[in-house]
Structures are given as C-alpha cells and as structure tokens.
Amino acid sequence: MQYEEVLACQPLINPTLYCTAHRNDRGKKYFLFQRKKSQKIFEGHDDPRRVYLLRLSLREHPAAKKLRQLSSITPRDVSSDAAQLLGNLAKLIKSQRVLDIGRSCGYNPLVLALVLPADGKVTASFSETENSSDAKEFWREAGVDKKIDIQVKSAEQTLDDLLSAGEAGKFDLVFINMADEQNCRKCYEKSLRLVRSGGILAIDGVLCYGAALKLNSKSLTVQAMHQLSEAILRDARIALSILPVGDGLMLCFKL
C-alpha cells in the first residue's frame with residue numbers, strides 16, 4: 001500500500017472513544033491512553049519526574065538561561081527542552097537557514113543560532129509586544145548576534161514577505177507558534193512552501209494550552225488549530241510526529 005493510500009484511509013480519532021477496553025489471556029482489562037492520576041506522564045512543568053529528566057538531558061547555554069530567567073519566560077511561552085530538540089534537529093540536517101516565529105522573547109533564536117555554522121542565519125520574527133533589547137544583549141554574550149536577523153511583524157506578514165522575496169524552499173527549518181493564530185491553516189501552507197525538501201516545519205501550540213482537548217470549544221483559534229491538525233494528519237507532502245513537549249510540538253518532515 002502506498003503512503004498516500006495509508007493516509008487516505010486514516011480514521012478521525014476521537015480521544016474520548018479511543019480508550020477501548022481490551023482483555024488479555026487472563027481476562028484483565030487494559031485501556032489505551034487511560035491511566036490513573038498517579039500514572040500520568042507529568043502532572044505539570046514542575047513535576048519531579050520532568051525536573052529529573054531535564055537535569056539529565058538539558059544542556060542550556062548560560063546566556064540562554066539568563067535570558068529565560070530575566071524575561072520571566074514561562075513554560076507556556078517557551079519550552080527549553082523543545083528548543084534544544086529543535087537545535088539538535090537543525091544540526092542533524094546541517095541547517096544553514098532557519099526561520100523562527102516562536103514568540104519566545106529571543107530564546108529560540110539564540111538556541112538555534114548556536115548550532116548553525118558561522119555563515120548560518122536565523123530569521124527571527126518578533127511581535128510588536130515583544131522586547132528585543134534584552135534578547136540582543138544575550139545574543140551578543142553568546143556570540144550569535146551576527147547570525148540573527150530580526151523582523152518585527154505578524155507571523156503571516158513575515159511569511160508573505162519572505163515568499164514575495166523568492167525565499168520559497170530556501171529554509172532548512174521553520175519554527176512557528178500557532179497557539180494564538182486564527183489563520184493557522186494559511187500559515188501552515190505558507191510555512192511549508194518556505195521549507196526545502198528534507199527540511200522540517202515545527203509547529204508549537206498544538207494543544208492551545210490544553211484547550212484543544214475540548215472538541216466542542218467555541219474558541220475560533222482552538223477550532224482552527226484542531227482542524228489544521230486533522231488536515232496535517234492526511235497531508236501526503238510530509239511525514240509527521242507530535243511530541244508531548246511544550247504546548248504540543250508537531251514535527252512535519254517535508255518529503
């Protein structure tokens with residue numbers, strides 16, 4: 001069966017219906033995705049198990065840590081482990097050009113710029129409400145300020161301007177936070193056009209701060225994100241993984 005045929009026959013999965021009971025040979029019941037509270041992966045960002053795993057895996061640059069602490073960046077704004085994962089992926093695919101629309105007060109661009117070669121470039125889109133002065137200070141401390149180009153504009157305007165400038169297919173990795181984007185379907189299509197074949201489109205905010213679990217949510221943003229996620233599930237142009245880090249990190253590997 002071809003990859004496209006597999007996608008075409010994928011059912012829509014309702015998480016409330018997917019907890020189907022099964023029995024093993026001993027007659028005991030097991031439920032998919034159904035755990036007692038004490039068996040949850042993490043109770044929150046301060047869960048001791050998560051703190052333990054981060055202590056064993058997080059290699060945060062001193063300048064990045066200072067920026068995160070000074071800007072009072074919360075896990076809702078940026079996930080240090082997700083940023084490190086994207087940095088590792090960018091390095092693995094030998095990235096030269098990266099686009100960041102992560103709304104992370106400059107944290108993600110710093111982490112990504114650290115793994116790029118000397119002639120690499122991060123295009124960092126800042127919203128009008130984000131303060132870039134603190135970010136620039138720590139970019140200089142980390143020695144990556146020359147690798148980062150700031151653009152202060154909306155996510156969609158950033159994407160439109162890059163496409164108009166003939167940048168389609170020029171980026172190795174594009175990272176965009178869609179938790180607050182009502183036009184996320186358009187942003188997805190435009191972002192995917194900017195990524196080269198073999199590159200990665202990373203989407204943060206799939207869970208919309210947990211609101212995406214409410215399938216009957218009246219929020220237009222949540223509805224748009226849910227519809228986008230279902231559409232991406234069937235998109236034959238990409239290979240897909242979603243990881244439970246940050247606010248739900250979707251990795252689209254462009255074929």
Side-chain angles (χ1 to χ4, degrees), residues 42 44-127 129-152 155 158 171-179 191 195 199-205 241 243-251 253:
F42 297 126
H45 291 284
D46 295 328
D47 187 297
R49 292 165 292 184
R50 181 175 187 274
V51 173
Y52 173 77
L53 294 178
L54 286 179
R55 183 177 69 80
L56 293 178
S57 64
L58 186 61
R59 298 175 175 177
E60 192 174 37
H61 191 282
K65 184 176 182 179
K66 291 177 186 176
L67 174 58
R68 176 170 55 81
Q69 293 174 337
L70 178 66
S71 303
S72 298
I73 298 174
T74 67
R76 173 171 173 156
D77 301 316
V78 64
S79 171
S80 52
D81 48 341
Q84 178 172 286
L85 172 61
L86 292 177
N88 289 337
L89 289 173
K91 188 173 183 178
L92 186 65
I93 64 174
K94 296 179 173 56
S95 297
Q96 292 278 345
R97 297 190 64 189
V98 171
L99 171 62
D100 175 79
I101 315 179
R103 306 306 187 214
S104 63
C105 301
Y107 182 89
N108 287 337
L110 192 161
V111 174
L112 291 166
L114 283 168
V115 303
L116 295 185
D119 59 345
K121 184 70 67 175
V122 176
T123 300
S125 176
F126 275 62
S127 67
T129 60
E130 286 183 285
N131 182 2
S132 63
S133 58
D134 289 336
K136 291 177 181 178
E137 175 185 344
F138 292 105
W139 293 348
R140 284 191 293 270
E141 180 180 328
V144 297
D145 54 304
K146 298 294 192 299
K147 295 182 183 179
I148 303 174
D149 176 38
I150 293 180
Q151 297 190 19
V152 181
T158 298
F171 287 88
D172 302 289
L173 186 147
V174 173
F175 176 54
I176 181 169
N177 188 329
M178 293 214 193
S191 297
V195 179
I200 301 170
L201 169 57
I203 301 173
D204 193 19
S241 288
L243 303 179
V245 297
D247 190 30
L249 182 64
M250 179 181 289
L251 299 176
F253 302 87

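Throughout, residue positions are numbered sequentially from 1 according to the sequence presented.
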- Message: Treating E130 as the side-chain partner and C105 as the backbone partner, does any N or O pair qualify as donor plus acceptor under 3.5 Å?
- Response: yes
- Message: Nearest 0.5 Å, please: how far is CG in L70 from CD in E137?
- Response: 7.5 Å
- Heavy-atom side-chain contact between I148 and T123 under 4.5 Å: no
- Could I get the full list of side chain to side chain donor-acceptor pair (under 3.5 Å) partners for D81, not counting sequence neighbours? R50, S79
- Flag the pair L243 / L85 as yes when at least one side-chain heavy-atom distance between them is below 4.5 Å, and no otherwise. yes
- Item | For S191 against I176, the heavy-atom pair lying closest together | OG-CD1, 4.1 Å
- CA sep, side-chain torsions, deciding dist, call: L116, V122, side-chain contact (heavy atoms from CB on, under 4.5 Å): CA-CA 9 Å; L116 295 185; V122 176; 3.5 Å; yes
- Item | Approximate separation, where rounding is to 0.5 Å, of N177 CG and L249 CG | 10.0 Å
- Evaluation steps, side-chain contact (heavy atoms from CB on, under 4.5 Å), between F138 and V144: CA-CA 9 Å; F138 292 105; V144 297; over 6 Å; no
- Return the minimal non-hydrogen interatomic distance between P109 and W139, and the atom names on each side. CB-CZ2, 4.0 Å
- Supply the atom-to-atom distance Y107 OH to K65 NZ, rounded to the nearest 0.5 angstrom. 10.0 Å
- Item | Residue pair L251, L86: steps toward the side-chain contact (heavy atoms from CB on, under 4.5 Å) verdict | CA-CA 9 Å; L251 299 176; L86 292 177; 4.0 Å; yes
- Task: To the nearest 0.5 Å, tell me how far N108 CG sits from F175 CZ.
- Result: 5.0 Å
- Query: For the side chain of Q84 and the backbone of S57, is there at least one donor-acceptor N/O pair under 3.5 Å apart?
  - Reply: yes
- State whether the side chain of K147 and the backbone N or O of D119 hold a donor-acceptor pair below 3.5 Å, judged by distance alone. no
Show me the donor-acceptor pairs, under 3.5 Å and distance only, between side chains in residues 89-99 and residues at least two apart or in other chains.
unit_1	atom_1	unit_2	atom_2	d
S95	OG	A90	O	2.9
R97	NH1	E167	OE1	2.6
R97	NH2	E167	OE1	3.4

- Take M178 and M250 through the side-chain contact (heavy atoms from CB on, under 4.5 Å) test and state the conclusion after the steps. CA-CA 11 Å; M178 293 214 193; M250 179 181 289; over 6 Å; no
- Item | Heavy-atom pair with the smallest gap, counting every atom of G87 and V115 | O-CG2, 3.5 Å
- Message: As an exercise, state the distance from CG of D204 to OG of S104, rounded to the nearest 0.5 Å.
- Response: 9.5 Å
- Message: If I take atom CG from residue D100 and atom CG from residue D149, how far apart are they, to the nearest 0.5 angstrom?
- Response: 12.0 Å
